[in-house]
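First up is the structure itself, then whatever we jot down about it.
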Amino acid sequence: NKIKHINPLLLSSFNINYKLIICGKGLPARYNELRQYESVNIIYAGFVDDINLYFKGADIFINPVLDGGGIKTKLVEALGNGISAVSSQSGAIGVPLTVTGNKLSVVNDHDWPGFTKAIINADTSGNIPSVFFDHFYWGNIAIKAAEFLEKA
């Protein structure tokens, strides 16, 4: 449970004002929808019909993912919505820093003090570079795939 690592560090850091909103389904019943954390700045929204509404209200997207394979589409969606993001290395697989400008900070897996510092120091100004959209645009991805298949 990464909340137990990240939130205490945020609580003790620089007296910042924040709320962590956790979206997603499948939280085991034993966590009781994280109600025990409501008094310490955590809101569990559960499954949401439109994540874009949450992106519009957020300053920073945090992605402390340590397992699973492949690209994390929520990270790409958050960046595509112009939100600055902080991610573990495992959570940022497939998202090259060369296309994210100053909008993505990547921290070593399990480095929770570094992760917290990256949240606090996140640059929420500026826009995601246009090269990000070029890189993740499905039309361009399809062209690259077709070129690869032609060579095979």
Side-chain angles (χ1 to χ4, degrees), residues 1-129 131-138 141 144-145:
N1 188 327
K2 294 152 205 105
I3 293 171
K4 292 180 182 177
H5 297 289
I6 297 168
N7 199 49
L9 293 169
L10 284 172
L11 285 168
S12 66
S13 298
F14 308 105
N15 196 24
I16 59 173
N17 186 17
Y18 70 94
K19 294 285 183 190
L20 291 176
I21 302 172
I22 300 173
C23 299
K25 63 181 179 177
L27 188 67
R30 70 180 180 272
Y31 289 111
N32 192 29
E33 296 184 342
L34 304 177
R35 287 190 177 99
Q36 69 273 28
Y37 293 101
E38 288 174 355
S39 64
V40 287
N41 302 331
I42 293 178
I43 299 167
Y44 177 62
F47 176 79
V48 297
D49 289 327
D50 186 359
I51 192 69
N52 291 312
L53 294 174
Y54 289 82
F55 287 154
K56 289 177 183 174
D59 294 313
I60 302 168
F61 176 78
I62 65 171
N63 191 43
V65 173
L66 298 175
D67 53 10
I71 192 166
K72 307 302 179 256
T73 56
K74 291 296 179 249
L75 176 60
V76 173
E77 290 175 10
L79 291 165
N81 276 278
I83 301 169
S84 296
V86 176
S87 181
S88 61
Q89 279 187 324
S90 293
I93 291 171
V95 181
L97 285 173
T98 56
V99 301
T100 61
N102 65 342
K103 299 302 275 183
L104 175 60
S105 297
V106 177
V107 180
N108 290 332
D109 290 356
H110 303 284
D111 179 5
W112 304 123
F115 197 93
T116 304
K117 185 176 179 181
I119 292 170
I120 293 166
N121 294 325
D123 183 354
T124 57
S125 66
N127 297 315
I128 193 84
V131 66
F132 173 87
F133 298 101
D134 293 340
H135 182 81
F136 286 106
Y137 172 61
W138 280 109
I141 293 170
K144 289 176 190 175

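Computed over heavy atoms, backbone and side chain alike; hydrogens, waters and symmetry mates excluded. Because the structure is predicted, anything quoted here is derived from the model rather than measured.
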Margin query: Quick check on Y137: does its OH atom have over 12 non-hydrogen neighbours (other residues, nucleotides or ligands) under 6.0 Å away?
Written below: no
Margin query: Minimum heavy-atom separation for Y44 and G24, please, with both atom names.
Written below: OH-O, 2.8 Å
Notebook entry, point to check: Would one find more than 12 heavy atoms of other residues, nucleotides or ligands at under 6.0 Å from atom CG of N127?
Noted result: no
Check: Could you give the distance from OH (Y37) to NZ (K4), rounded to the nearest 0.5 Å?
Finding: 4.5 Å
Notebook entry, point to check: Under the salt bridge (charged side-chain N to carboxylate O under 4.0 Å, His left out) rule, what pairs show up with a residue in residues 19-40, not counting sequence neighbours?
Noted result: E33-R35
Next item on the list: Hey, could you give me the CG/OG1 distance between N7 and T116, rounded to the nearest 0.5 Å?
Entry: 9.0 Å
Margin query: Please check this pair: side chain of S105 against backbone of V86, looking for a donor-acceptor N/O pair closer than 3.5 Å.
Written below: no
Note to self: So D111 and P113, do their side chains get closer than 4.5 Å, heavy atoms only?
What the structure shows: yes
Margin query: Has D50 got a side-chain atom pairing as donor or acceptor with N52's backbone, closer than 3.5 angstrom?
Written below: yes
Margin query: If I take atom CZ from residue F132 and atom NZ from residue K103, how far apart are they, to the nearest 0.5 angstrom?
Written below: 11.0 Å
Check: So, do L20 and I3 sit near enough that their side-chain heavy atoms are less than 4.5 Å apart?
Finding: no
Note to self: Between D109 and Q89 (side chain of the first, backbone of the second, donor and acceptor by atom type, cut-off under 3.5 Å), is there such a pair?
What the structure shows: yes
Item checked: Atom pair CG/CG of N81 and L53 - distance to nearest 0.5 Å -> 10.0 Å
Check: Between atom OG1 of T124 and atom CG of N102, what is the distance when rounded to the nearest 0.5 Å?
Finding: 9.5 Å
Checklist line | Contacts of type salt bridge (Lys or Arg N to Asp or Glu O under 4.0 Å), residue K74, not counting sequence neighbours | finding: E77
Side chains of residues 54-71: which donor-acceptor pairs under 3.5 Å do they make with residues two or more places apart or in other chains?
from	atom 1	to	atom 2	distance (Å)
N63	ND2	S87	OG	3.1
N63	ND2	G91	O	3.0

Next item on the list: Quick one: pull up CD1 in I42 and OH in Y18 and give me the separation to the nearest 0.5 Å.
Entry: 6.5 Å
Next item on the list: Return the orientation label for the W112 and H110 ring planes: parallel under 30°, perpendicular over 60°, tilted otherwise.
Entry: perpendicular
Check: Got L75 and L104 here, is their nearest side-chain heavy-atom distance under 4.5 Å?
Finding: yes
Check: Given side chains that start at C-beta, do those of I119 and I6 come closer than 4.5 Å, heavy atoms only?
Finding: yes
Item checked: N41 and L10, any side-chain heavy atoms less than 4.5 Å apart -> no
Next item on the list: Would you mind reporting whether F47 and D49 have side-chain heavy atoms less than 4.5 Å apart?
Entry: yes
